[in-house]
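Quick note: numbers below take in every heavy atom, side chains included, and nothing from hydrogens, waters or symmetry partners.
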2 protein chains.
Amino acid sequence: MPMRNCRGQGWWHGKFRGCGYRLTVGREAILDLLSGGKGHLSAEDIYLKIHARYPNVGLTTVYRTLDVLSGLGMVHKFDFGDGRARYELAQGPKGEHPHHHHLVCTSCNRVIDYTDFIDDEVELLRRTEKGLGEKYNFKITSHVIQFYGLCAKCRENK
Amino acid sequence: MPMRNCRGQGWWHGKFRGCGYRLTVGREAILDLLSGGKGHLSAEDIYLKIHARYPNVGLTTVYRTLDVLSGLGMVHKFDFGDGRARYELAQGPKGEHPHHHHLVCTSCNRVIDYTDFIDDEVELLRRTEKGLGEKYNFKITSHVIQFYGLCAKCRENK
DNA sequence: TTGAAAGTGAAAACCATTTTCAATAACTGC
DNA sequence: GCAGTTATTGAAAATGGTTTTCACTTTCAA
Ligand SMILES: [Mn+2]
Ligand SMILES: [Mn+2]
Ligand SMILES: [Zn+2]
Ligand SMILES: [Zn+2]
């Protein structure tokens, strides 16, 4: 049986409603888009794609929805140094979009996800978070690890 | 013999001139300020302090100088998520301002430098940079490691 | 000392993001 | 369904950190 074209069937339905948020066309469309493909989209990227299919979803709503989703921990907001925020879906309930870190090319702004070494890194992070949390009485909730440099393409064209 | 009041005596003289940059009052003042004290200053922070002593150094020059210094690798530019860039002097030639990472309070925006665990972290980073560099043919030049959470003060006032 | 080029301040422009506000859509209880 | 409450919305205006412009000044090598 094909997926019915009615809203409120997504895995996020519960989380959304549970927090008192209403399910709207724009929010659903944005979550769909983020679930569907590549990450590191800017608000405008998202707006342009959404707006093509739903012409009455405005850029303001995109910003507001991304804020809500960030607050709920459902998307992560990144700054890769190009002057606009980038968003990507957080790890889903079934392990989709697994936790990863980033390589950022300072020349072309390409962003590479990597999960190599993630185990070592996560283990170190765990220890570090514990140690720092105790020493500074600091409650760590998230971390950012990014490597900057030159990507393969930009090294060729150097 | 007391320090003469002429410019061009700082440790950065060589690096500056070597790269074809001219030594100016504003640049010297900014480097002095950054060398002198606490990091994580915004361009406006710097401007206000500099401008008090040198009223004819403008905010534009502060931004331009910070760009130059970033380009030379003499200062690091950070985004801690409060909408303005923060700058701090990079590790000096004699090991001043040693390499460190950051704890960022998402409530009050306080930033804590830490060097605990730095050895473990740096060792991991070295391995990771090597592995990633080979696998992705990516030339890594720098990294950012930041932990976000609630500082001690903000946990009390929760 | 002098000239070419780098550097500068003030004001204007830029531009990603936020705010405002009247209109609309989503939910709740009937 | 229906109405009432309230969250949510789009368009336009405002915000605010940063960059650009441009005529003027300073640096520095010759
Ligand atoms: Mn990613
Ligand atoms: Mn620091
Ligand atoms: Zn590149
Ligand atoms: Zn705090």
What's the closest nucleotide to the side chain of A/T60 if the choices are C/dG7, C/dT17, C/dT19? C/dT19
Classify the ring geometry of A/Y114 against A/F147: parallel below 30°, tilted from 30° to 60°, perpendicular beyond 60°. tilted
Quick one: do the A/D32 and A/S35 side chains pair a donor with an acceptor below 3.5 Å? no
Between B/A85 and A/V62, the residue closer to the 5' end of DNA chain D by nearest nucleotide is A/V62
Validation: residues 49-57 of chain B side-chain donor-acceptor distances under 3.5 Å, sequence neighbours left out:
| from | atom 1 | to | atom 2 | distance (Å) |
| --- | --- | --- | --- | --- |
| B/H51 | NE2 | B/P55 | O | 2.7 |

Send over the distance from B/R86 CZ to D/dG17 C1', rounded to a whole Å. 12 Å
Please determine, for the side chain of B/T24, which listed nucleotide (D/dA11, D/dT27, C/dC27) has the closest atom? D/dT27
Roughly, in whole Å, what's the span from CZ in B/R84 to C1' in C/dA16? 15 Å
The criterion is side-chain contact (heavy atoms from CB on, under 4.5 Å); which residues satisfy it with B/R64, sequence neighbours excluded? B/T60, B/T61
Around A/E96, counting heavy atoms of other residues, nucleotides and ligands shown, do more than 12 lie under 6.0 Å from its CD? yes
Note: contacts of residues 41-58 of chain A with DNA chain D (heavy atom, under 4.0 Å) are A/N56, A/V57, A/G58
Identify all pairs in which a protein N or O lies below 3.5 Å from an N or O of nucleotides 2-6 of chain D, and state each distance.
| from | atom 1 | to | atom 2 | distance (Å) |
| --- | --- | --- | --- | --- |
| D/dT6 | O2 | A/R22 | NH1 | 2.9 |
| D/dT6 | O2 | A/R22 | NH2 | 3.1 |

List the steps and the verdict of side chain to side chain contact (heavy atoms under 4.5 Å, CB included) for A/Y148 and B/V144. CA-CA 8 Å; A/Y148 291 88; B/V144 168; 3.7 Å; yes
So, with a heavy-atom separation below 4.0 Å from DNA chain C, the residues of residues 63-81 of chain A are A/Y63, A/R64
Whole angstrom value for the distance that separates C1' of D/dT8 from CG of A/L23: 12 Å
If you look only at distance, which donor and acceptor atoms sit under 3.5 Å apart when one is on a side chain in residues 69-84 of chain B and the other is two or more places apart or in another chain?
| from | atom 1 | to | atom 2 | distance (Å) |
| --- | --- | --- | --- | --- |
| B/S70 | OG | B/L66 | O | 3.1 |
| B/D79 | OD1 | B/G81 | N | 3.2 |
| B/D82 | OD2 | B/R86 | NH2 | 2.7 |

Between B/S42 (side chain) and B/A85 (backbone), is there a donor-acceptor pair under 3.5 Å? no
How about A/E88 and A/H100: does a side-chain donor come under 3.5 Å of a side-chain acceptor? yes
Can you check the A/D82 CG to C/dC15 C1' distance for me, whole Å? 13 Å
Length of the CG-C1' vector between A/L59 and C/dT17, whole Å: 9 Å
Quick one about A/H99 and A/H101 (side-chain donor to acceptor, distance below 3.5 Å, no hydrogens or angles considered), yes or no? yes
What I want to find out is whether A/E156 reaches A/K153 closely enough, with some N-O distance under 4.0 Å, to be called a salt bridge. no
Between C/dA26 (P) and A/H13 (NE2): distance, integer Å: 13 Å
Would you mind telling me which of C/dA26, D/dT9, D/dC28 lies closest to the side-chain atoms of A/R27? D/dT9
